[in-house]
Amino acid sequence: MEKIEHTTVPTNGINMHVASIGSGPPILLLHGFPELWYSWRHQLLSLSALGYRCIAPDLRGFGDTDAPPNASSYTAMHIVGDLIGLLDHMGIEQVFLVAHDWGAVIAWYLCLFRPDRVKCLVNMSVAFNPRNPKRKPVDGFRALFGDDFYMCRFQEPGEAEAYFGGLDTASVMKMFLTGRNPAPPKISKELGFASWKPVEPMPAWLSEEDINYFASKFSKTGFTGGLNYYRAMNLTWELTAPWTGVQIKVPVKFIVGDLDITYNIPGIKEYIHNGGFKSQVPFLQEVVIVEGAAHFINQEKAEECSAHIYDFIKKF
């Protein structure tokens with residue numbers, strides 16, 4: 001880990017913290033919520049050892065990267081803009097793109113807006129969800145799961161922060177990272193996270209050192225930056241109207257755990273396996289379902305994920 005370099009890059013009006021290691025063809029790794037560059041710690045080491053330049057930023061609003069205060073500054077346009085600026089600053093024309101969770105959502109948008117900058121994509125957890133011109137995404141989730149669905153509960157500024165604030169940051173990180181219930185996560189307005197319980201003892205793939213690193217950063221920044229991604233979802237929907245119906249036109253490998261909440265949303269398995277996904281992502285080449293793996297698959301199944309990434313990108 002001490003070989004990983006940490007730099008700050010000016011991009012798109014913010015300063016972005018970037019962890020990187022290695023030399024060779026560049027791999028850009030995008031983390032999710034509530035995470036940091038550190039989520040890719042295993043892949044940074046393993047893939048750099050195979051001859052790649054691995055680059056893992058803290059995305060806008062996370063860790064040591066700037067966090068603009070307004071949720072309207074967290075649309076997909078902003079985040080993709082940050083990444084294009086990062087690549088330009090580093091003099092990189094094209095990358096192998098690897099992403100998970102919110103990073104996966106941003107990766108789909110990066111491929112949608114700027115496919116010229118992506119050689120291929122290994123995406124984890126979140127399948128491409130084409131824009132529905134008739135319904136905003138938060139409205140869709142509310143209709144499907146109700147007001148207590150976590151994405152809906154995250155919408156009101158300050159509300160989720162109050163729930164998080166009632167727990168110490170290390171407990172919040174354990175609660176998220178160790179969760180293995182594939183049912184849609186709900187947060188009661190009255191009870192908050194009372195029904196969410198971390199797995200005890202902690203799984204072997206997660207150490208107290210890992211928890212403490214995440215907690216040390218989020219205890220300084222709070223969670224508002226990450227929550228603003230959810231709060232900007234409907235605004236992103238408005239701004240991406242010109243891309244309605246546009247397909248993802250880069251080669252793709254998709255990886256998801258069978259216990260991931262994203263894989264157990266009603267209709268998603270049929271979409272992934274019965275042709276819907278392929279119709280939207282015509283260069284989809286592989287779909288990997290990892291048995292016994294939950295949401296944070298790049299950490300839980302680190303070696304397996306690194307092997308899947310390498311096996312795919314070495315073709316290009």
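Small disclaimer: the values here were computed from a predicted structure and weren't measured. Along the sequence shown, residues are numbered consecutively beginning with 1. FYI, side chains are in, hydrogens and waters are out, and symmetry mates aren't considered; it's all heavy atoms of this structure.
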Under the ring-ring contact (aromatic ring centres under 6.0 Å, His included) test, residues paired with Phe283 that sit two or more places apart: none
Any residue meeting ring-ring contact (aromatic ring centres under 6.0 Å, His included) with Tyr213, in chain and number order, not counting sequence neighbours: Trp37, Tyr38
Exam field: side chain Glu300 to backbone Ile297, donor-acceptor pair closer than 3.5 Å: no
Pair His295, Asp101: side-chain N/O donor-acceptor within cut-off below 3.5 Å: yes
Ion pair check, Lys186 and Asp147, cut-off under 4.0 Å: no
Heavy-atom pair of closest approach, residues Ser39 and Asn298: O-ND2, 3.5 Å
Heavy-atom check, side chain of Glu5 versus side chain of Ile21, under 4.5 Å: no
Check: Phe154 main-chain N/O paired with Glu159 side-chain donor or acceptor under 3.5 Å: no
Heavy atoms of other groups near Lys315 NZ, more than 12 under 6.0 Å: yes
Thr236 side-chain N/O to Ala76 backbone N/O, donor-acceptor pair under 3.5 Å: yes
Lys119 charged N/C atom sitting above Phe316 aromatic ring, 6.0 Å / 45°: no
Heavy-atom side-chain proximity of Leu112 to Ile248 below 4.5 angstrom: yes
Exercise: identify the closest heavy-atom pair between Phe254 and Met124: CE1-C, 4.2 Å
Hphob cluster co-occupancy, Val290 + Trp205, side-chain heavy atoms under 4.5 angstrom: yes
Expected output: side-chain Asp58 to main-chain Asp64 donor-acceptor under 3.5 Å: yes
Pairs where residues 245-273 contributes a residue and the test salt bridge (Lys or Arg N to Asp or Glu O under 4.0 Å) is met, not counting sequence neighbours: Lys253-Glu286
Closest approach of Ser125 to Thr262 (non-hydrogen atoms, all atoms of both residues): O-OG1, 2.5 Å
Pair Ser188-Glu190, side-chain donor/acceptor within less than 3.5 Å: yes
same_hphob_cluster(Val105, Trp237) at 4.5 Å side-chain heavy-atom cutoff: no
Arg114 side chain vs Tyr109 backbone, donor-acceptor pair below 3.5 Å: no
Closest approach of Val138 to Cys152 (non-hydrogen atoms, all atoms of both residues): O-SG, 4.1 Å
Cluster overlap Ile14 with Val9, hydrophobic side-chain contacts below 4.5 Å: no
All ring-ring contact (aromatic ring centres under 6.0 Å, His included) counterparts of Phe218, not counting sequence neighbours: Phe223
For Thr11 against Met16, the heavy-atom pair lying closest together: CG2-CB, 3.9 Å
Where Leu121 and Ala107 come nearest, the two heavy atoms and their spacing: CD1-CB, 3.8 Å
Aromatic ring pairing Phe145/Phe141, orientation class (parallel under 30°, perpendicular over 60°, tilted between): parallel
Any donor-acceptor pair under 3.5 Å from Ser219 side chain to Ala215 backbone: yes
Residue Glu291 excluded, over 12 heavy atoms near CD under 6.0 Å: no
Side-chain (Thr178) to main-chain (Val199) donor-acceptor, under 3.5 angstrom: yes
Salt bridge (charged side-chain N to carboxylate O under 4.0 Å, His left out) between Glu156 and Arg231, worked out: CA-CA 8 Å; Glu156 184 62 34; Arg231 293 166 184 163; over 6 Å; no
Min side-chain heavy-atom separation Ile92-Ile55 under 4.5 Å: yes
Short side-chain to backbone donor-acceptor contact, Gln155 and Met151, under 3.5 Å: yes
Main-chain N/O of Pro282 paired to Lys278 side chain as donor or acceptor, under 3.5 Å: yes
side-chain hydrogen bond (donor to acceptor under 3.5 Å, both in side chains): pairs with one or both residues in residues 45-54, sequence neighbours excluded: Ser46-Ser306
Lys174/Glu200 under salt bridge (charged side-chain N to carboxylate O under 4.0 Å, His left out): CA gap, chis, key distance, verdict: CA-CA 9 Å; Lys174 288 180 182 179; Glu200 297 290 353; 5.0 Å; no
Test ring-ring contact (aromatic ring centres under 6.0 Å, His included) applied to Tyr74 and Tyr230, Tyr229, Phe33, the passing residue: Tyr229
Inter- and intrachain pairs under side-chain hydrogen bond (donor to acceptor under 3.5 Å, both in side chains), touching residues 239-248, at least two apart: Arg131-Thr244
Gap between atom CZ of Arg135 and atom CG of Leu144 - 0.5 Å precision: 8.5 Å
Heavy-atom check, side chain of His100 versus side chain of Asn123, under 4.5 Å: no
Qualifying residue for ring-ring contact (aromatic ring centres under 6.0 Å, His included) with Trp196, from Tyr163, Phe176, Phe164: Phe176
Gln43, Arg41, His42 screened by side chain to side chain donor-acceptor pair (under 3.5 Å) with Gln299, the one that passes: Arg41
Point-to-point distance, once rounded to the nearest 0.5 Å, from CD1 of Ile289 to OH of Tyr263: 4.0 Å
4.5 Å side-chain heavy-atom contact, Leu83 and Pro57: yes
Close side-chain approach of Asn228 and Ser72, heavy atoms under 4.5 Å: no
Student check: side-chain heavy atoms of Val256 and Val126 closer than 4.5 Å: no
Donor-acceptor contact below 3.5 Å, side chain Asn70 vs main chain Ser73: no
